[in-house]
Amino acid sequence: MAKFGRKAAFAALTKHKKRLEDQPMRVQFALDPNRFKRYSAQAGDILLDYSKNRIDEDAMAALFDLARAADVEGHRTAMCEGEHINVTEDRAVMHMALRYQGDHPIPVDGEDVMPGVRDVLAHMKQFTDAVRGGDIRGHTGEQFTDIVNIGIGGSDLGPAMVTLALSPYGRAELRAHYVSNVDGAHIHDTLKGLDPARTMFVIASKTFSTDETMTNAASARAWLSGSLGDAAVNDHFAAVSTNLEATGKFGIRSDRTFGFWDWVGGRYSVWSAIGLPIALAVGFENFEKLLRGADAMDRHFLSEPLEKNLPVIMAVLGVWYRNVWGFSTHAVLPYDQRLSRFAAYLQQQDMESNGKSVTLSGKAVNWSTGPIVWGEPGTNGQHAFYQLIHQGTDVIPLDFLIAARPQESLPPHHDKLVANVLAQSEALMLGKTIEEVTEELRAQGLSKAEIKAMAPHKVFPGNRPSNTLFYQKLTPETLGSLIALYEHKVFVQGVIWNVNSFDQWGVELGKQLAKALLPKVEGKVSGEGHDSSTQGLLGYYLANKDQ
Ligand code: F6P
């Protein structure tokens with residue numbers, strides 16, 4: 001156990017902040033030629049450069065003290081040992097078992113879960129090989145060309161993000177599509193142009209009761225039956241769920257139903273059978289590589305000292321900015337077009353996990369918890385929102401992600417991409433002083449008056465923090481490691497903030513109210529009993545909806 005508590009650790013950090021306020025990073029870099037070496041670490045082929053942060057050795061030491069004071073190591077062991085760390089749902093948190101590559105038993109509630117995990121993986125392999133090889137075909141004997149995954153949240157974001165990221169490993173004859181939104185436009189536009197005889201649906205829902213998914217599943221069924229008859233459902237639907245009773249009721253045959261377990265949270269389920277559309281799209285062997293990459297990051301997280309542990313380093317830096325410097329958002333900016341859904345995926349992983357305001361024991365927290373996570377790929381973002389990142393009034397800590405090797409051989413592109421990402425982190429760190437701007441404008445021949453008017457607009461405050469994650473190539477293994485890296489980062493932050501990172505009660509109220517409002521929106525019952533805003537909006541809708 002740690003020698004002093006969270007409170008003392010935060011008090012120490014506040015002092016370090018005061019000192020570092022007078023030492024911008026550009027000065028620290030000038031004074032210390034070893035800064036990159038000092039503040040970079042590696043896990044497998046992933047290099048984390050965290051030298052462009054507002055830190056020094058004392059501040060980092062205090063951050064690791066905080067992690068120890070919060071007993072990150074103890075909580076990590078508790079998670080691995082299957083303790084019910086998801087206290088409000090009384091569940092273990094065992095997504096690491098889904099990608100475990102060793103041969104030790106992993107007991108949860110007294111039972112080794114690994115035989116069950118391996119059985120489902122074997123079933124996934126047999127099914128995906130058969131679909132891809134043409135042994136499993138549609139009702140009319142046609143080979144499948146399109147897989148439509150219907151799910152939402154964790155039953156959509158992970159597989160959709162990974163399928164796009166690994167698209168070079170897919171093949172043109174079998175495309176995966178993702179339908180999540182209850183907005184009919186989503187399923188309409190996805191099915192438009194697809195051939196029912198060649199389309200397979202995967203209904204992915206941990207609970208098999210989520211309204212959006214069930215509504216889309218019913219529409220998919222109607223679309224298929226309308227063309228091939230209801231008997232075709234048997235051949236064109238598969239399901240992934242923990243609720244096998246409900247999948248049976250829907251009419252999905254048991255040999256096309258893939259189970260998982262309540263110890264897998266929705267946002268941590270991409271490693272389970274929820275990954276089925278990934279395996280269908282890129283092949284089971286690549287799905288296995290994704291699992292292997294995640295397991296490699298697990299080994300790193302479980303064995304490396306905190307000071308060299310990538311998820312821990314990223315977590316404590318996030319806490320540093322959130323709680324000590326008061327920065328409220330965190331941007332993830334992949335210079336990797338195929339990671340364009342990565343930030344959306346991380347939004348659920350991070351914000352659903354740590355967007356909490358009570359402690360594990362239900363007391364109100366009096367510190368800030370999870371940041372707002374957002375991002376888009378570079379270089380596109382540079383021509384959109386980077387203006388604010390460079391010169392706006394908010395400081396936004398960032399993660400840049402970039403591969404050393406692209407998937408394509410298009411020579412000028414990747415060097416330019418790399419030049420841009422390096423330039424951005426350098427510019428954010430260095431900034432540009434009024435003296436530098438003045439000198440630049442003078443060299444351009446501007447008059448004194450012109451310089452006075454222009455210079456303030458061209459000043460960059462600098463000292464803006466960023467991490468850079470450099471990896472060799474966006475392979476399935478590396479992607480698995482990257483996802484697991486962020487999962488563990490979020491876990492460590494949840495431990496430090498003393499919240500339950502594994503429940504999501506915050507999504508319930510909206511669901512309940514939508515259920516209650518539906519008959520009123522449908523015009524089946526009168527819409528009374530709401531606040532005047534809801535009442536007014538409802539009135540507008542009823543007056544204007546299609547009759
Ligand atoms: O919106 C909350 C949530 O429960 C997420 O946590 C989950 O990933 C998503 O809904 C979908 O749930 P299910 O897989 O049960 O359909």
Side-chain angles (χ1 to χ4, degrees), residues 85-95 98 120 124 148-163 178-183 186-187 201-221 237-250 252 257-278 341-356 369-370 373 483 486-487 490-491 494 499-515 517-518:
I85 60 169
N86 178 356
V87 288
T88 61
E89 295 180 309
D90 193 18
R91 287 175 183 166
V93 173
M94 296 303 294
H95 48 274
L98 299 168
V120 174
M124 286 170 71
V148 179
N149 187 79
I150 295 182
I152 197 163
S155 301
D156 165 75
L157 287 162
M161 179 275 285
V162 170
T163 304
Y178 290 86
V179 172
S180 51
N181 202 326
V182 77
D183 181 346
H186 203 176
I187 191 156
F201 292 97
V202 176
I203 312 301
S205 173
K206 182 175 171 182
T207 55
F208 224 73
S209 64
T210 303
D211 192 40
E212 291 94 327
T213 300
M214 293 302 107
T215 304
N216 279 318
S219 297
R221 185 186 187 131
F237 276 75
V240 182
S241 187
T242 56
N243 185 352
L244 303 186
E245 203 186 318
T247 57
K249 262 195 197 146
F250 186 91
I252 296 172
T257 300
F258 301 81
F260 61 111
W261 304 271
D262 72 357
W263 42 261
V264 183
R267 55 194 173 274
Y268 300 91
S269 64
V270 66
W271 322 104
S272 72
I274 289 289
L276 186 68
I278 304 172
R341 297 296 290 157
F342 196 56
Y345 167 77
L346 290 182
Q347 282 178 327
Q348 187 198 17
Q349 191 195 88
D350 197 319
M351 293 164 79
E352 199 166 76
S353 296
N354 287 339
K356 309 286 164 66
T369 61
V373 176
I483 301 170
Y486 278 91
E487 281 181 351
V490 167
F491 168 79
V499 297
N500 183 357
S501 301
F502 301 102
D503 62 10
Q504 56 284 318
W505 301 106
V507 297
E508 290 305 317
L509 179 59
K511 282 189 199 170
Q512 276 167 21
L513 294 187
K515 212 171 180 182
L517 272 161
L518 184 61

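Counting starts at 1 for both ligands and their atoms, in listed order.
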Q | Interfacing atoms of ligand 1 (cut-off 4.0 Å, heavy-atom, Q348) | A | 5 (C), 6 (O), 7 (C), 8 (O)
Q) Under a 4.5 Å cut-off applied to non-hydrogen side-chain atoms, are I150 and I187 in contact? A) yes
Q | Sequence neighbours excluded, every pair satisfying side chain to side chain donor-acceptor pair (under 3.5 Å) that has a member inside residues 238-249 | A | none
Q) When you measure from atom 1 (O) of ligand 1 to every protein heavy atom, which one gives the shortest distance, and what is it? A) V507 CG2, 3.7 Å
Q) Can you tell if the side chain of I483 reaches within under 4.5 Å of the side chain of Y345, non-hydrogen atoms only? A) yes
Q: May I ask you to identify the nearest protein heavy atom to atom 11 (C) of ligand 1, giving residue, atom name and distance to one decimal place in Å?
A: I152 O, 3.2 Å
Q | Heavy-atom nearest neighbour in the protein, as seen from atom 10 (O) of ligand 1, with distance rounded to 0.1 Å | A | K511 NZ, 4.5 Å
Q.
Taking the side chain as everything from C-beta on, heavy atoms only, tell me whether M214 gets closer than 4.5 Å to I203.
A. yes
Q | Side chains of D156 and T213 in contact at under 4.5 Å (non-hydrogen atoms) | A | no
Q.
So, regarding T210 and ligand 1 (criterion: nitrogen or oxygen to nitrogen or oxygen, under 3.5 Å), is there a contact or not?
A. yes
(Q) Are more than 12 heavy atoms, taken from residues, nucleotides or ligands other than R91, located less than 6.0 Å from that residue's CZ atom? (A) yes
Q: Identify, for atom 6 (O) of ligand 1, the protein heavy atom at the shortest distance, and state residue, atom and that distance.
A: E352 OE1, 2.7 Å
(Q) I need the atoms of ligand 1 closer than 4.0 Å to a non-hydrogen atom of G154, numbered in the order shown. (A) 7 (C), 8 (O)
Q. Quick one: salt bridge (Lys or Arg N to Asp or Glu O under 4.0 Å) pairs with a partner in residues 201-221, sequence neighbours left out?
A. R221-D230
Q: Measure from atom 15 (O) of ligand 1 to every heavy atom in I150, T207, T242 and give the option owning the shortest one.
A: T207
Q) Should you measure from each heavy atom of Q504, which atoms of ligand 1 turn up under 4.0 Å away? A) 6 (O)
